[in-house]
Amino acid sequence: MPSLTLPECGRYIPPPETKEALEYADLAIIDLSKAHTPEGRAELYPQLRDALSTHGFVYAINHGYTQAQRDRIFDVAGVPFTDVTPDEKKIYTPDVEKVGYYAGYKARQFWKVDSDNQILDQIEHYALNMNVAKRPHPLALRPFVPELDEFARHNHFNILHPILRLIALSLELPAETLVEKHNFDRTGETSVRFMKYYRRSKDKEEKSTNVWLKGHTDIGSITILWSQPIGGLQILAPDGRWKWVHHIDNALVINTGDMMKFFTGGYYKPTIHRVVQPPEDQRNYDRLGVYYFAMPDNEVRLLPCAESPVLQRVGIERQCPDEDSPLCETWMKGRTTTYGRSDLKKGMEKNVEEEVVEGIVVKHYN
C-alpha cells in the first residue's frame, strides 16, 4: 500500500494582506462548482462572457482544491528556488531562444523591462510540461512529481476544460469545441509554472518606474493564476487606467490570451496586464506565483471558429488570412523566442512598443 505521508519541504508563509488603499479592478466571480451540469453551465456562461468581454479577467471559486491543498502547492512551489544549487539550476536551464518554449528554469535578468534604462527582470521561474514526466527535474523536486502530476491534471480537467466549455457555449458552439483543441495526452506546451519575483534596488525601481514586468498579453489561450496575497498584478481597465487585482483566498484569477483571440475572431480580446512593485507594506517580501498556462495542441491551426452563430452575427476580426494562420507551435515559438529579448519599435500609440511575429503586430505597453 503506498505511503500517505507527503515528502517534506519548507512552508510558504504568506505576508499579511496590504492595508493600503489601492484602486482595484471590479472583477466578476464565477462559481466553478456549477460548471458540471447543463443547468449550471447555462447560468455561468453569460457571466463569463460578460466578464471576458469587459475586463478580460475573472475570479473563479469552488474549483475543487481545498485551502490546505492550495497551501501545499505553494510550499512545493518554493522548492525549485530554495532547495536547488545554482550549478544544478544551470543543468535544467534550456536555451529558450533555441527551443522556443519554457521548460525548467528561466534565470533572472533574461527579459528586458526597460530598454532605455537597461533594466532587466528579476523573475526566476520553473516550468513543468503538463506531462510532468516529459522532462527531467532537479533532484530536490523529484519526490514531489506525483503531487505535481495531480495538480496539472486538476488544472487541466477540472478548471481549464470547464472554462473552455463555457466559452464555447457563449459562442453558441458545441460545448467540446475548444476542449478538443486542448488535449492532455497530445504534444503541446501547456505548463505548470512557478515564478519568483525578487526585490530590486531602489535605484532600479526608480529607473523602471516600479514596473517589474511590462504590460503584455499572454501567448496562449487561457491563463490560470492561483491567487496570492502579495500585490503587484495590474490590468489595463476599460477606462484606460491601471487597476490592481485583489487577492481572494483560494480563488483563481483567469484570463484569455492571444490564441483565444485567434479562435474567437477577436470576440474575446486578451487584456493587457503587468506586474509592478508590491504595495509599500509588502515590499520586504519576495513574490511567489503559481500558474497554469494553457495552450492548444501543437498541431492546432489558430483559425477563427467561423461556424459560431455569434461570430457570424457580430463579424470576425481576422489577424491574417485564414491560409496564413499559424499553427499553435509556430505562434508559441515566435512569441516565446522574442518576448523580452527583441528590440521593440515605438508604436503609434502613447507608451506602446511593437514587434512583428508571424506577420502579426504584437504590442507591449510601457
Side-chain angles (χ1 to χ4, degrees), residues 1-14 32-33 36 60-85 88-89 91-94 101-106 123-163 182-197 220 222-230 247-254 286-295:
M1 182 176 177
S3 171
L4 299 178
T5 304
L6 296 175
E8 293 185 4
C9 61
R11 293 296 312 280
Y12 172 71
I13 307 298
L32 266 188
S33 67
H36 304 296
I61 59 173
N62 298 327
H63 45 70
Y65 255 38
T66 65
Q67 182 71 46
Q69 287 173 303
R70 176 265 181 206
D71 292 347
R72 170 65 177 179
I73 287 298
F74 270 78
D75 293 345
V76 175
V79 171
F81 310 117
T82 60
D83 296 0
V84 181
T85 66
E88 191 180 8
K89 286 180 181 180
I91 298 171
Y92 299 95
T93 303
Y101 52 78
Y102 295 115
Y105 288 97
K106 182 208 73 71
I123 306 165
E124 183 180 25
H125 76 219
Y126 188 84
L128 308 90
N129 187 272
M130 58 185 166
N131 173 7
V132 298
K134 182 175 182 177
R135 301 183 180 104
H137 303 289
L139 186 62
L141 197 61
R142 292 174 195 172
F144 304 95
V145 166
E147 289 177 80
L148 294 172
D149 176 62
E150 180 184 333
F151 182 66
R153 291 174 183 274
H154 180 76
N155 277 273
H156 205 90
F157 294 110
N158 299 330
I159 301 169
L160 173 64
H161 278 185
I163 291 292
H182 294 74
N183 293 283
F184 193 82
D185 56 356
R186 293 188 189 170
T187 304
E189 290 301 332
T190 291
S191 64
V192 174
R193 196 178 305 174
F194 304 138
M195 301 180 70
K196 189 168 184 178
Y197 296 72
I222 296 289
T223 299
I224 300 165
L225 162 66
W226 289 72
S227 185
Q228 52 103 336
I230 299 181
H247 168 65
I248 299 177
D249 281 340
N250 200 27
L252 308 171
V253 181
I254 296 174
D286 292 325
R287 188 172 182 269
L288 184 66
V290 174
Y291 306 78
Y292 194 70
F293 287 102
M295 298 192 191

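Bear in mind that the values here come from a model prediction, so they are computed numbers and not experimental data. Just so you know, these numbers use all the heavy atoms, side chains as well, and skip hydrogens, waters and symmetry mates.
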J.: For the side chain of Ser227 and the backbone of Asp249, is there at least one donor-acceptor N/O pair under 3.5 Å apart?
T.: no

J.: Which heavy atom in Ala77 sits nearest to a heavy atom in Phe194, and how many Å separate them?
T.: CB-CD2, 3.5 Å

J.: Carefully, step by step, assess Gln228 and Arg287 under the rule side chain to side chain contact (heavy atoms under 4.5 Å, CB included).
T.: CA-CA 9 Å; Gln228 52 103 336; Arg287 188 172 182 269; 3.1 Å; yes

J.: If we only count heavy atoms from C-beta on, is the Ile224 to Val253 side-chain gap below 4.5 Å?
T.: no

J.: Donor-acceptor pair, distance only, cut-off 3.5 Å: does the side chain of Thr190 make one with the backbone of Met130?
T.: no

J.: Could you walk me through whether Leu160 and Ile222 pass the side chain to side chain contact (heavy atoms under 4.5 Å, CB included) check?
T.: CA-CA 7 Å; Leu160 173 64; Ile222 296 289; 3.8 Å; yes

J.: With sequence neighbours left out, what residues match Glu147 under side-chain hydrogen bond (donor to acceptor under 3.5 Å, both in side chains)?
T.: Arg72

J.: Among all residues two or more places apart in sequence or in another chain, which pass the ring-ring contact (aromatic ring centres under 6.0 Å, His included) test with Tyr197?
T.: none

J.: Taking side-chain hydrogen bond (donor to acceptor under 3.5 Å, both in side chains) as the test, write out the residues that go with His154, two or more places apart.
T.: Asn158

J.: Report yes if the distance between the aromatic ring centroids of Phe151 and Trp226 is under 6.0 Å, otherwise no.
T.: yes

J.: Step by step, work out the ring pair (Phe, Tyr, Trp, His ring centres under 6.0 Å) result for His137 and Tyr92.
T.: CA-CA 7 Å; His137 303 289; Tyr92 299 95; 7.7 Å; no

J.: Restricting to side-chain hydrogen bond (donor to acceptor under 3.5 Å, both in side chains), what partner residues turn up for Lys196, sequence neighbours left out?
T.: none

J.: Nearest heavy-atom pair of Pro138 and Tyr126: which atoms, and what distance?
T.: CD-OH, 3.1 Å

J.: Examine distances only and state if a side-chain atom of Asn250 and a backbone atom of Tyr65 form a donor-acceptor pair shorter than 3.5 Å.
T.: yes

J.: Keeping to residues at least two apart or across chains, list the salt bridge (charged side-chain N to carboxylate O under 4.0 Å, His left out) pairs with something in residues 136-146.
T.: none

J.: What distance do Thr93 atom OG1 and Tyr102 atom OH have between them, rounded to the nearest 0.5 Å?
T.: 13.0 Å

J.: Does the side chain of Leu252 come within less than 4.5 Å of Leu225's, by heavy atoms?
T.: no

J.: Return yes when atom CZ of Arg11 has more than 12 non-hydrogen atoms of other residues, nucleotides or ligands closer than 6.0 Å, and no otherwise.
T.: no

J.: Considering non-hydrogen atoms only, spot the tightest contact between Pro162 and Ile159 and give its length.
T.: CD-O, 3.3 Å

J.: Please work out whether the ring planes of Phe81 and Tyr105 are parallel, tilted or perpendicular, with thresholds of 30° and 60°.
T.: perpendicular

J.: Output the distance between atom CZ (Phe144) and atom CD1 (Ile73), rounded to the nearest 0.5 Å.
T.: 10.5 Å

J.: Counting distance only, does the side-chain N/O of Asn129 pair as donor-acceptor with the main-chain N or O of Gly188 below 3.5 Å?
T.: yes

J.: Are side-chain heavy atoms of Leu32 and Asn62 found at a separation under 4.5 Å?
T.: no

J.: Under the criterion side chain to side chain contact (heavy atoms under 4.5 Å, CB included), I'd like the reasoning laid out for Ile230 against Asp286: C-alpha separation, chi angles, the key distance, then a yes or no.
T.: CA-CA 8 Å; Ile230 299 181; Asp286 292 325; over 6 Å; no

J.: Which atoms form the tightest heavy-atom contact between Val84 and Lys89, and what is the distance?
T.: O-CE, 3.5 Å

J.: Of the non-hydrogen atoms in Ala60 and Ile254, which two are nearest, and what is the gap between them?
T.: CB-CD1, 3.8 Å

J.: Could you work out, with ring-ring contact (aromatic ring centres under 6.0 Å, His included) as the rule, every residue matching His161, not counting sequence neighbours?
T.: His156, Phe157

J.: So, using ring-ring contact (aromatic ring centres under 6.0 Å, His included) as the criterion, who are the partners of Tyr291 when residues are at least two apart?
T.: Phe293

J.: Checking Thr85 now: which residues fulfil side-chain contact (heavy atoms from CB on, under 4.5 Å) with it, not counting sequence neighbours?
T.: Asp87, Glu88

J.: With rounding to the nearest 0.5 Å, note down the distance linking CD1 in Ile91 to CG in Leu139.
T.: 10.5 Å

J.: Which value, rounded to the nearest 0.5 Å, describes the distance between Asn131 atom CG and Ser191 atom OG?
T.: 12.5 Å

J.: Looking at every non-hydrogen atom in both residues, tell me the closest pair between Ala251 and Ile61 and how far apart they are.
T.: CB-CG2, 4.1 Å

J.: Just jot down the ring-ring contact (aromatic ring centres under 6.0 Å, His included) partners of Phe74, sequence neighbours excluded, or say none.
T.: Tyr12

J.: In chain order, what residues pass the side-chain contact (heavy atoms from CB on, under 4.5 Å) check against Glu8, with sequence neighbours excluded?
T.: none

J.: Only counting residues at least two apart or in another chain, list the ones meeting side-chain contact (heavy atoms from CB on, under 4.5 Å) with Asp149.
T.: Val132, Arg153

J.: Can you check whether Ile123's main-chain N or O pairs, donor with acceptor, with Lys106's side chain at less than 3.5 Å?
T.: yes

J.: Can you sort out the partners of Pro143 under side-chain contact (heavy atoms from CB on, under 4.5 Å), two or more places apart, ordered by chain and number?
T.: Pro7

